[in-house]
Structure formats: C-alpha cells, structure tokens
There are 2 protein chains.
Amino acid sequence: MSQTVDRALSILPLLAEGPADLGQVADRLGVHKSTALRLLRTLHEHGLVYRQSDQRYRLGARLIALAQEAMENLDIREIAHPHLVRLNEQCGHTVHLAVYEEDEVLYIDKVESRYPVRMYSRIGKPVAITVAAVAKLLLADLPEAERRSRADKLDYPLYTARSTPNAPAFLKELERVREQGWATDLGGHEESINCVAAPIRGADGRVVAAMSVSAPNVVVTADELLTLLPLVRRTADTISGEYSGKTPVKEVTP
Amino acid sequence: MSQTVDRALSILPLLAEGPADLGQVADRLGVHKSTALRLLRTLHEHGLVYRQSDQRYRLGARLIALAQEAMENLDIREIAHPHLVRLNEQCGHTVHLAVYEEDEVLYIDKVESRYPVRMYSRIGKPVAITVAAVAKLLLADLPEAERRSRADKLDYPLYTARSTPNAPAFLKELERVREQGWATDLGGHEESINCVAAPIRGADGRVVAAMSVSAPNVVVTADELLTLLPLVRRTADTISGEYSGKTPVKEVTP
DNA sequence: CTGATGGGTTGCATTCTCTGCAACGCTCGT
DNA sequence: ACGAGCGTTGCAGAGAATGCAACCCATCAG
C-alpha cells in the first residue's frame, strides 16, 4: 500500500539471510543506491538495522528486543507457561507451545527436556507446517474452504519417509485430527523424533494454540509417548479453561 | 531521513506496549487516521503487525521469526553457546551472554540455572545498563570520550541501595572494571542476586561480548560466587580465542 | 607517487507518492 | 430506527522520495 515503507520492510527479510552491503541491498530491491541508503538509514535510526565495522548491514538488536516484547504480551503464553513447566516436571520431555498466524505456525514457548538427548528447536522458529503435530491441530481448526486453499498452496518437503507427501494426504490427516481432537507426528520431521499434541481452545471453541510433548526414540518409543496423551490433553484443557475464563482474545483468521 | 518509513517504524515500539486500535495509533503518531491505516496495512502485509478479532493491532509473528534469524547469524552466539552450556554444567548457575549495540546491552543467550530458585531474565531483554556486570564490561571497553558521553546520558534508577547512583560513580566503576578485566554486580539490580562476569574479546582485543554467572543469595553467597571467577574468566578466554581465530567481525561503535 | 577503481555519500530538480480531507459504510448500543 | 463511533475509500493537492550526477575517500596497481 505504501511503496516506500514496503521497500524499507523488504530489506529486513533480506538481511535476515545474512549481512549485506549497500550495493547488494539496492540491487535486490531494484532501486538506486541512494534510495537504498536512505531507507537503511531510517531503519538504522530505529535500531532495526545495524552496521558492522566492514560497513555491511545486518539486523539490529532492537528487533530482538521488540520481538521479545511482542511475545510477552501474548496472553496465551503467560497463562500456559506454568502448566507447560508442570507437564515437563511430570514427564521430563520437551514441551512446546505454538500458534498459527498468517500462514505460519511458530513456537512461542518451550520447556527443555530433562533428558540428555534433546531435540533441536527454538522459540520463534517457524514450524514444519505439513508434519508437525501442533501445526496439524492449528490448521485442522480452520474452516473447510480456508483449509483446502492453504493446503494447496503449501510445499510438502519429504523430510523423512513418513512425511506428509501432498495436499490430499494432508487434508485427510487434518480431517482425522479434527475429529479426534489431538494429533501426532511420528517421525515425520526427524526420523527419530515423535510428538503428541493437544489443542488449546478459546471461549468460542476455536483453537488458539497447540501444545506438544516431543521425545526422541532413544528415550521413549512412540507407544510409550502415546501413553502420555491423556496427560497432555488434560493439561491443554486446563489451559483452555483458564484462558477462556480470562482474556478471550481470539485471533481473526486472515 | 525518510518520513513515511520513520512513521511506520514508530508504530512498532508503540504496539510493543500492547495492542492498539487505529485511532490510538493515529493519535500517537500525530497523523490522520487514513494515513495510519495505510501504514498499518503495509506493516501487516509484511507480517510485522497482526490484527486481532477485535480489530486492534498488535505485533506480528513474523517479527519474532525475524528476530530469531537475526540472533542465529550472530557468530559469537554460535561459538559461545557450547561453552556456556559446559560452564553451566560445572557450576549449575544461570549463565548469560550479552552484547552492546546502539546504547543498549542485551542478552543474546542464556543457560538456565539447575537450582530450583532461579533469577528472572529473558533472551532479548535489554539489560539494566548501569548495574549489570556484563553491561559494565561492555561499556568499559568504549573509548574514554564515548564512555563519558554515554554515562552522562543515562538514567540511574535505584533498583536497590547498592545500585550505581550517578554518572561519576558509574565512570569510576567502569575504570575499575577496565583495569581488572572482570566485573561484578552484587545486589545492584535485585537485592538478593549476585553476578560475576568476564569479557569476550575479538582479534583486535576489543570487547565484543560479555558473559556472566548469576545466582541468588539463597543458593550461594557473594563470596562463594566469586570463587567461580577464575572459571568464568577461563571460559570467556576460550571463547575469545575461538572467536578471534574464526570470524573476526567486530562491531563498529556508533 | 599517481592515477584509477569501487564503494559510499550528498544536492538538486523532477516526479510520483503520500497525505489529509470529506464522504461513505458498517456495526453497535440505545 | 436512529445516531454515534470507528474503519474505509477516492481524490486533488502538496510535499516527500527518487534517481541522477558529481563528489569524496579509501584501496590498490602501476
């Protein structure tokens, strides 16, 4: 809608790939160097972009701080956190909390496994949307039409032999997840890692977040992990209750 | 430099305080509602801003993901992380890694204490710059003039009775820290929490980051914590060595 | 030492984008 | 049913952003 701002903001994902100098930025934006310079300067003033000693630009610290604040006023996170910790204390595995927003599913909280062998993941990292158990729950709750159109637009990378291969398979899986009210990812992302997940719902019954317990095969088998399902669901329901009682800020679907 | 972008970016910190509706944003920017709307739309397209069901705007998930990427290509972090973990395994306390950038000091990595009583902090959160041990190290390394001018511009909140009270005291402390090559914070931020910190240096000897070990009084006394100093310094030196050997990307001082 | 190259930076005239306005539409609540 | 409050849109004018060209200042080669 606003060309100048649009260009300026396009610089951010570009720099997220790694530092770049003025020329590179100008080229990739398709604008004159002087224009790029002024945009970068403005971003710099706001601390979103930082200049290294070699004159190249990279993303700035302010961005990290902003993101931090962004997460801190997500109500779900505040409410869910203690419950995630408790669940972790009970089962010892990695616990994740994720939300769906604008075509992305991302982790907004995490409690680390207490076993020495842990899965890799990071808060803020977008999730493998076609295979992650939490992603299935979040997408399964979208209205039919929406779900279908999203599914068609996605890529289906074959992380492993058990990854969701294509849109029809994904939609079928979503249907199943929708009916049973929980989801799993059995080696669909990393061969040796399994997850079980349950939805967190707002006052209107819509899924606002999803939580999961993940563990590698070497620690527990998929079957053993599944025995935790009731506990996970109970925790999710408790959070749902607390959440809908308190601040029913549901998110609009785009 | 660029008015439009400037205005658009000013929206972000504003929304960081909490969700706001169009009118509020327009007011605080001092522009017409239609202008604010168009700016917000552009931010929205880039996922930096999100619209809740109640029509209010808040910071978007893309921002969190961007910040994540920003952190992931901070080389120091990559290099330091395993060492921080090892240190944590040795002493059990909370370990932090912080950098200085554009008038802010912020944590870019953290390994949680293994004791039940933990201090509160979060990656990405700006640090109490006048009292934190890591902040002292990072500021102490600035050139004299720079240090003085920064010190004058700062606020000196009295978190506790032992907080740094004013600029002269701060400068004196920085001088001391500079000479001894390490720093402490003994109850200057939270009455019952102490820290010891050591600098991480690049190939040119400039301080590029600082790391600290923090623990509450109830776990170890300040004296006991100080016995960890050699270990902390050794760890920092190891990281320094590895860092300057590899990618000596030092940061320009603004 | 000199000249050339390549990057960043600045001043300026032109143009195009953004702005504010006013009218419209919509959803509440009365 | 009606009005108030908010978000939204079309438009014309104003002002801001753009690209150009010249400039600066390193670095490097001859």
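A quick note: this is a predicted structure, and the numbers were derived from the prediction, not measured. Convention: sequence-line order gives letters A, B, ...; per-chain numbering from 1.
For the segment residues 28-41 of chain A, residues with any heavy atom less than 4.0 angstrom from an atom of DNA chain D are, sorted by number, A/Val31, A/His32, A/Ser34, A/Thr35, A/Arg38.
For the pair A/Arg58 and B/Glu101, the salt-bridge criterion is met [side-chain N within less than 4.0 Å of a carboxylate O]. With respect to B/Asp204 and B/Arg206, no salt bridge is recorded, no charged nitrogen being found less than 4.0 Å from a carboxylate O.
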Original post:
What does nucleotides 25-30 of chain C look like as a protein-contact string, B for base, S for sugar-phosphate only, - for none, at under 4.0 angstrom between heavy atoms?
Top reply: ------
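A straight line from CD of A/Gln3 to P of C/dC16 spans 11 Å, rounded to a whole angstrom. If you take CZ of A/Arg7 and P of D/dA17, they are 12 Å apart, rounded to a whole angstrom. The interatomic distance linking B/Gln55 (CD) with D/dG5 (C1') rounds to 13 Å, in whole Å. Separating the OH atom of A/Tyr57 from the P atom of C/dG7 is a distance of 14 Å, rounded to the nearest angstrom.
Within the structure, salt bridge (charged side-chain N to carboxylate O under 4.0 Å, His left out) contacts touching residues 33-44 of chain A (residues at least two apart or in different chains) do not occur. Applying the side chain to side chain donor-acceptor pair (under 3.5 Å) rule to pairs touching residues 127-138 of chain A yields A/Lys136-A/Glu173, sequence neighbours excluded. Counting only residues at least two apart or in different chains, ring-ring contact (aromatic ring centres under 6.0 Å, His included) contacts with residues 133-156 of chain B comprise B/Tyr156-B/Phe170.
For the salt bridge (charged side-chain N to carboxylate O under 4.0 Å, His left out) test, residues two or more places apart in sequence or in another chain that qualify with B/Arg148 are B/Glu144. Residues satisfying the side-chain contact (heavy atoms from CB on, under 4.5 Å) test with B/Ala210, not counting sequence neighbours, are B/Val134, B/Leu137, B/Leu138. For the salt bridge (charged side-chain N to carboxylate O under 4.0 Å, His left out) test, residues two or more places apart in sequence or in another chain that qualify with A/Glu175 are A/Arg147. For the side-chain contact (heavy atoms from CB on, under 4.5 Å) test, residues two or more places apart in sequence or in another chain that qualify with A/Arg201 are A/Asp141, A/Pro199, A/Val207, A/Ser240. Taking the salt bridge (charged side-chain N to carboxylate O under 4.0 Å, His left out) definition, one finds that A/Arg233 meets it with nothing, sequence neighbours left out.
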Table please: side-chain donor-acceptor pairs of residues 5-17 of chain A below 3.5 Å, with sequence neighbours left out.
{"unit_1": "A/Asp6", "atom_1": "OD1", "unit_2": "B/His46", "atom_2": "NE2", "d": "2.5"}
{"unit_1": "A/Ser10", "atom_1": "OG", "unit_2": "A/Asp6", "atom_2": "O", "d": "2.7"}
{"unit_1": "A/Glu17", "atom_1": "OE1", "unit_2": "A/Arg28", "atom_2": "NH1", "d": "3.1"}

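For the helix from C/dC1-D/dG30 to C/dT30-D/dA1, the axis fitted to the five pairs at one end and the axis fitted to the five pairs at the other end meet at an angle of 30° (nearest 10 degrees).
At the phosphate of D/dA16, neither OP1 nor OP2 sits under 4.0 Å from any side-chain N or O atom of A/Thr4.
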